[in-house]
Amino acid sequence: APAAAAATRCSQYSSRSSAERLRRLWALPPDDDEPRGAAPQGAEVRGASEEEGDAEEEEEEDNEYYLWLSRFASLEKRDRSASLAWNRFCVEQGEPTNPRMHKWTFLQRFVEGFEAGEFPELEMTTRRDVEDFNIFRKDNPSAQWHWLQYCAKHCYGIRNPKKVAVGMLRKFIEDYETGEYEDLKMATPETVGLILELQRRDEKYRKAWLDFIDGVGRGVRDPRHMPDEVASKFILDVTADIA
């Protein structure tokens, strides 16, 4: 008798559970309301199966994505040439360089190709090269502005001297020393101070500065590394409507 009663309760629970799932699937009202329509026979089984399949497929995609994103990050940490090779790989295919904007298959193709030696081997800068370059930039204030523009054109967007090929770095220094780049008057402390004060004062100026960086500022965030003419243009633009 207890077993029979338990079986009856399980049967009733199963029926109620099925009915509730079916209502949720087809957005049906409770039993005491007017029905909105009947689900086709077998719809609950097909719908649940398809949803489970989609969820499993999505989970597999996520797992693969994070796996290859992790492998890409590890590769960058253990090999300084990986960042330059990656940017070159992306630029030559007209793709963005942000790894998070790619499918895992794209990341996989790069990581496996790099580890298999399919990309040209690069001679990277040494610690001494970087130290000498930092002294060079300190002695030539306008060099930083020109360096950032040079990187956009010749280093596939890599700006860190630790992560560029030594030939790229030396070519820039040689060109600079032979007069290929104009000696610019950099932003004065007064100009820099006013830009920072405007950003502290109002959120709209912070947003305006970010827009300015993307356009006229050519991606340079620090006003100290801008020519005074460029930095001053931001002040004139954002204060034009102030009486």
Side-chain angles (χ1 to χ4, degrees), residues 69 72-73 76 80-102 106-107 110 122 124-125 129-130 133-176 180-240:
L69 190 63
F72 174 82
E76 279 195 307
R80 287 190 300 120
S81 68
S83 295
L84 183 59
W86 164 257
N87 276 32
R88 179 178 180 177
F89 177 71
C90 294
V91 169
E92 290 181 346
Q93 297 186 63
E95 296 288 346
T97 57
N98 186 342
R100 294 183 176 275
M101 296 179 67
H102 293 285
F106 191 84
L107 296 169
F110 171 77
L122 301 168
M124 305 301 289
T125 53
D129 291 323
V130 175
F133 182 62
N134 288 335
I135 294 173
F136 173 80
R137 286 191 289 188
K138 186 176 180 180
D139 293 341
N140 299 274
S142 61
Q144 179 66 5
W145 171 261
H146 293 305
W147 166 249
L148 296 176
Q149 314 316 309
Y150 175 87
C151 292
K153 293 180 180 179
H154 303 292
C155 304
Y156 303 99
I158 299 291
R159 298 178 169 191
N160 188 339
K162 296 178 181 179
K163 294 184 177 182
V164 300
V166 65
M168 295 173 171
L169 187 67
R170 291 175 180 171
K171 179 68 166 62
F172 171 76
I173 295 174
E174 290 172 5
D175 289 348
Y176 194 94
E180 290 290 324
Y181 298 99
E182 181 184 0
D183 191 18
L184 302 169
K185 178 187 176 183
M186 304 308 288
T188 65
E190 291 77 17
T191 300
V192 173
L194 185 51
I195 290 174
L196 297 178
E197 176 60 29
L198 285 168
Q199 293 184 69
R200 284 193 293 266
R201 186 184 302 174
D202 198 310
E203 174 68 22
K204 71 177 182 180
Y205 295 132
R206 288 194 290 274
K207 292 180 179 178
W209 176 247
L210 294 177
D211 292 339
F212 183 81
I213 290 170
D214 290 339
V216 180
R218 301 181 184 179
V220 179
R221 293 180 173 273
D222 191 337
R224 295 174 300 175
H225 297 153
M226 288 183 178
D228 194 68
E229 181 181 2
V230 175
S232 296
K233 186 179 186 310
F234 170 76
I235 297 173
L236 293 174
D237 288 349
V238 299
T239 59

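Keep in mind that the numbers below use all heavy atoms, side chains included, and drop hydrogens, waters and symmetry copies.
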For Pro161 and Leu169 the tightest heavy-atom approach is CB-CD1, 4.3 Å
For the residue pair Phe136 and Ala143, what are the closest heavy atoms and their distance? CE2-CB, 4.0 Å
Do the non-hydrogen side-chain atoms of Gln149 and Lys153 ever get within less than 4.5 Å of each other? no
Decide side-chain hydrogen bond (donor to acceptor under 3.5 Å, both in side chains) for Arg206 and Gln199; before the verdict, give the C-alpha distance in whole Å, the side-chain angles of both, and the deciding distance to 0.1 Å. CA-CA 5 Å; Arg206 288 194 290 274; Gln199 293 184 69; over 6 Å; no
Taking Thr191 for its side chain and Ala187 for its backbone only, find out whether a donor-acceptor pair lies under 3.5 Å. no
Before accepting this row, confirm whether a basic side-chain N of the pair Glu174/Arg170 lies closer than 4.0 Å to the acidic partner's carboxylate O. no
Starting at CG of Asp129, measure out to CD1 of Ile173 and round the result to the nearest 0.5 Å. 8.0 Å
I'd like to know if the side chain of His102 and the backbone of Pro96 have a donor-acceptor N/O pair within less than 3.5 Å. yes
Test side-chain contact (heavy atoms from CB on, under 4.5 Å) on Val192 and Met226; report intermediate values, then the result. CA-CA 9 Å; Val192 173; Met226 288 183 178; over 6 Å; no
Sidechain-backbone polar pair: Arg80 side chain, Lys162 backbone, donor-acceptor under 3.5 Å: yes
Hydrogens and angles aside, do Tyr176 and Ser142 bring a side-chain donor and acceptor to less than 3.5 Å of each other? yes
Within 6.0 angstrom of Arg224 CZ, more than 12 heavy atoms from elsewhere: no
Between the CG atom in Asn87 and the SG atom in Cys151, the distance rounded to the nearest 0.5 Å is 11.0 Å
Work out which heavy atom in Val238 is nearest to a heavy atom in Ala208; give both atom names and the distance. CG1-CB, 3.9 Å
Would you indicate whether the side-chain heavy atoms of Asn134 and Val130 approach each other to under 4.5 Å? yes
Heavy atoms of His146 and Glu182 approach each other most closely as NE2-O, 2.6 Å
About how many Å separate CG of Asp228 and CD of Glu190, when rounded to the nearest 0.5 Å? 9.0 Å
Hey, could you give me the CG/OG distance between Leu84 and Ser81, rounded to the nearest 0.5 Å? 7.5 Å
Below 6.0 angstrom between ring centroids: does that apply to Trp86 and Phe72? yes
Which atom names give the shortest non-hydrogen contact between Gly217 and Trp145, and what distance separates them? O-CZ3, 3.7 Å
Shortest non-hydrogen contact from Arg218 to Arg159? O-NH2, 3.5 Å
Sequence neighbours excluded, the answer for ring-ring contact (aromatic ring centres under 6.0 Å, His included) partners of Trp209 is Phe212, Phe234
For Asp211, is there an ion pair with Lys207 - N to carboxylate O distance below 4.0 angstrom? no
Tell me, with the steps shown, if His225 and Trp147 meet side-chain contact (heavy atoms from CB on, under 4.5 Å). CA-CA 10 Å; His225 297 153; Trp147 166 249; over 6 Å; no
Considering residues at least two apart in sequence or located in another chain, which fulfil the ring-ring contact (aromatic ring centres under 6.0 Å, His included) criterion with Phe89? Phe106, Phe110, Phe119
Start with the C-alpha distance between Tyr181 and Tyr150, add both sets of side-chain angles, then the distance that settles side-chain contact (heavy atoms from CB on, under 4.5 Å), and finish with yes or no. CA-CA 10 Å; Tyr181 298 99; Tyr150 175 87; 3.3 Å; yes
Run the side-chain contact (heavy atoms from CB on, under 4.5 Å) test on Tyr156 and Met168 for me, step by step, so that the C-alpha distance in whole Å, both residues' side-chain angles and the decisive distance to 0.1 Å come before the verdict. CA-CA 11 Å; Tyr156 303 99; Met168 295 173 171; 4.2 Å; yes
Counting heavy atoms not belonging to Glu229, are there more than 12 under 6.0 Å from its CD? no
As an exercise, state the distance from CZ of Arg100 to CG of Leu69, rounded to the nearest 0.5 Å. 5.0 Å
dist Met124:CE -> Lys163:NZ (nearest 0.5 Å) comes out at 9.0 Å
